[in-house]
Amino acid sequence: MMDKPTDPRPALQIVRPGDGPAAEPDIRPTRLLDRVRHLLRARHYSARTEKAYVGWIRRFILFHDKRHPSELAEPEITKFLTILATEGKVSASTQNQALSALLFLYKDVLGRDLRFLADIVRAKRPERLPVVLSREEARELLNHLNGTYWLMASLLYGAGLRLTECGQLRVKDVDIVRREILIRDGKGRKDRVTVLPLKLVVPLQEHLAHIQRLHDRDLRKGAGYVALPDALGRKYLAASQEWAWQWIFPAARHHIDPLSGETRRHHMHESALQRAVKEAARAAGLTKPASCHTLRHSFATHLLESGYDIRTIQELLGHKDVSTTMIYTHVLNNGPFGVRSPLD
């Protein structure tokens, strides 16, 4: 199995004294997939995007018998994406992600502008309505959760957080006095502010007190480090052990960072809460396919039912376009289009 395709570009030439004018050394990686990772990180793409893009580029190369992408062009890209839709039966969003990865490869890594890919057979995006729980169903689901899982799921429903946003909350992001939660670097690398439910103030304070005791024990053992965004760790050397930067929902185990050698805690893995919510939905006897994201959908829909305007809900959810938020008007608890059946 191919690991990393080689780059056909000529090797870097070293300029020695007397050979000519001094030149800056080229520190860019020479292997193709390493160059992709290097440029994605330089442009501050998320780790999830990096993993997805590298995966699609690898699949594209394997699909064409390990030929280097510099030898391929629009026809090969069109064939790959079309096969994904016609034989792979992938969703429209999956196919679009593969296309975005290949566009990044050719434009940003290889420096080639592709012509319009008119012959691609695109997977049709179905117009689906979100699954939404009633208020009673949401309460019943939360009643079947305990401890940290209950608190995290309550934030998904009570503040409209995405699963990753909840897991990556830091102590400094919560203002209990103003009852606000600051979402840093959310989807689309956007910051936003959402509401901290009054019902969660006391449980959250108790949880933070427990986490602070855990952090203090870690510090006494020479640990207590946390990963910091971008280059903050180099700029503020002591920040990675400060209480304000710690995860609100840390993992149970430590890990050793391979670069710094620091003993750190990552935030809780998303799959743990996903499993807990699925089990709670089954225990509550819900017939709907409830998930963590269902709680966010329910947050938006219940706010609409309570009379809040669509623009306010758009800001709380962090939607770029109000049309994305408008989908919740179709699942309000008053029948389709607000029509009352003649049988009623």
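All values derive from a computational prediction rather than experimental measurement.
Considering CZ of R58 and CG of L32, their distance stands at 10.0 Å, rounded to 0.5 Å. The structure places CG of D185 at 8.0 Å from CD of Q168, a figure rounded to the nearest 0.5 Å. Between W150 atom CH2 and L145 atom CG the span is 10.0 Å, to the nearest 0.5 Å. How far OG of S100 is from OH of Y53: 4.5 Å, rounded to the nearest 0.5 Å. Note: L155 CG to C292 SG = 12.0 Å, rounded to the nearest 0.5 Å. Rounding to the nearest 0.5 Å gives a distance of 13.0 Å between NZ of K107 and CG of L39.
A153 and L295 get closest at one heavy-atom pair: O-CD1, 3.7 Å. Between S240 and E262, the shortest heavy-atom distance links the atoms OG-OE2, 4.1 Å. Minimum interatomic distance between G318 and K190 (heavy atoms only, all atoms of both residues): O-NZ, 3.2 Å. Taking both residues in full, the closest heavy atoms of R192 and E315 are given as CD-O, 3.5 Å, listed atom of the first, atom of the second, then distance. Across all non-hydrogen atoms, the minimal contact from A290 to L133 is CB-CD2, 4.1 Å. The minimum heavy-atom distance linking T78 with T82 is given by the pair O-OG1, 2.7 Å.
A chain of hydrophobic side-chain contacts below 4.5 Å, direct or via other Ile, Leu, Val, Met, Phe, Trp or Tyr residues, connects M268 to L204. V226 and L214 are not part of a single hydrophobic cluster, where members link through side-chain heavy atoms under 4.5 Å apart. A chain of hydrophobic side-chain contacts below 4.5 Å, direct or via other Ile, Leu, Val, Met, Phe, Trp or Tyr residues, connects L169 to L273. Linking ILVMFWY side-chain heavy atoms closer than 4.5 Å, directly or via other members, places L208 and V177 in two distinct hydrophobic clusters. Grouping the Ile, Leu, Val, Met, Phe, Trp and Tyr side chains by contacts below 4.5 angstrom, directly or via other members, places L182 apart from V201.
Side-chain contact between Q314 and R311 is present, with at least one heavy-atom pair separated by less than 4.5 Å. A 4.5 Å side-chain heavy-atom check between I176 and V174 finds at least one atom pair inside the cut-off. Residues V36 and E50 have side chains not in contact (no heavy-atom distance under 4.5 Å, counting atoms from C-beta outward). Looking at S291 and V277, their side chains never come closer than 4.5 Å, going by heavy atoms from C-beta outward. The closest side-chain heavy-atom distance from W56 to L102 is not below 4.5 Å. Using a 4.5 Å heavy-atom cutoff, the side chains of T263 and K221 are not in contact. In this structure, R296 and L161 have side chains that are not in contact, with every pair of non-hydrogen atoms separated by 4.5 Å or more. Put simply, the side chain of L228 reaches to within 4.5 Å of the side chain of W245, judged on heavy atoms.
Note on R135 versus E305: salt bridge recorded, some NZ/NE/NH1/NH2 to OD/OE distance being below 4.0 Å. Checked for salt-bridge contact, E270 and R48 meet the test: a charged N lies under 4.0 Å from a carboxylate O. In this structure, E76 does not pair ionically with K79, as no charged nitrogen and carboxylate oxygen lie closer than 4.0 Å. Residues D173 and R170 are not paired through a salt bridge, judged by the lack of any N-O separation under 4.0 Å between the basic side chain and the carboxylate.
Judged purely by atom type and a 3.5 angstrom limit, Q95 uses its side chain to pair as donor or acceptor with the backbone of L81. In this structure a side-chain-to-backbone donor-acceptor pair under 3.5 Å is missing from K66 to I61. When atom types are taken as modelled, the side chain of D175 and the backbone of R178 share a donor-acceptor pair closer than 3.5 angstrom. In this structure a side-chain-to-backbone donor-acceptor pair under 3.5 Å is present from H68 to S70.
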side-chain contact (heavy atoms from CB on, under 4.5 Å), that's the test. Do Y106 and D113 meet it? Break it down for me. CA-CA 7 Å; Y106 278 91; D113 285 328; over 6 Å; no
Output, in order, the C-alpha distance, side-chain angles, deciding distance and verdict of side-chain contact (heavy atoms from CB on, under 4.5 Å) for I211 and Q246. CA-CA 9 Å; I211 297 302; Q246 301 302 307; 5.5 Å; no
So Q241 and L219, side-chain contact (heavy atoms from CB on, under 4.5 Å) or not? Walk me through it. CA-CA 8 Å; Q241 286 185 305; L219 290 176; 3.7 Å; yes
Evaluate L84 against R59 for side-chain contact (heavy atoms from CB on, under 4.5 Å), listing each step before the verdict. CA-CA 11 Å; L84 284 179; R59 285 183 61 178; 3.7 Å; yes
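Between D309 and T312, the side chains place a donor N or O and an acceptor N or O closer than 3.5 Å (distance only, hydrogens not considered). S91 and T94 are linked by a side-chain donor-acceptor pair at a separation below 3.5 angstrom, with hydrogens and angles left out of the test.
In this structure, R43 places its CZ atom where more than 12 heavy-atom neighbours from other residues, nucleotides or ligands lie under 6.0 Å away. No more than 12 heavy atoms of other residues, nucleotides or ligands shown are found within 6.0 angstrom of NZ on K51.
Ring geometry for F60 against H64 counts as perpendicular: the plane angle is over 60°, on a 0 to 90° scale with 30° as the lower cut. Y328 and H297 have tilted rings, their planes meeting at an angle from 30° to 60° on a 0 to 90° scale. By the 30° and 60° cut-offs, the orientation of the rings of H302 relative to Y157 is perpendicular.
For R265 and W247, the positive end is not near the middle of the six-membered ring at less than 6.0 Å and at most 45° from its axis.
Of the residues H210, H207, H269, H267, the one that meets the ring pair (Phe, Tyr, Trp, His ring centres under 6.0 Å) test with F249 is H207.
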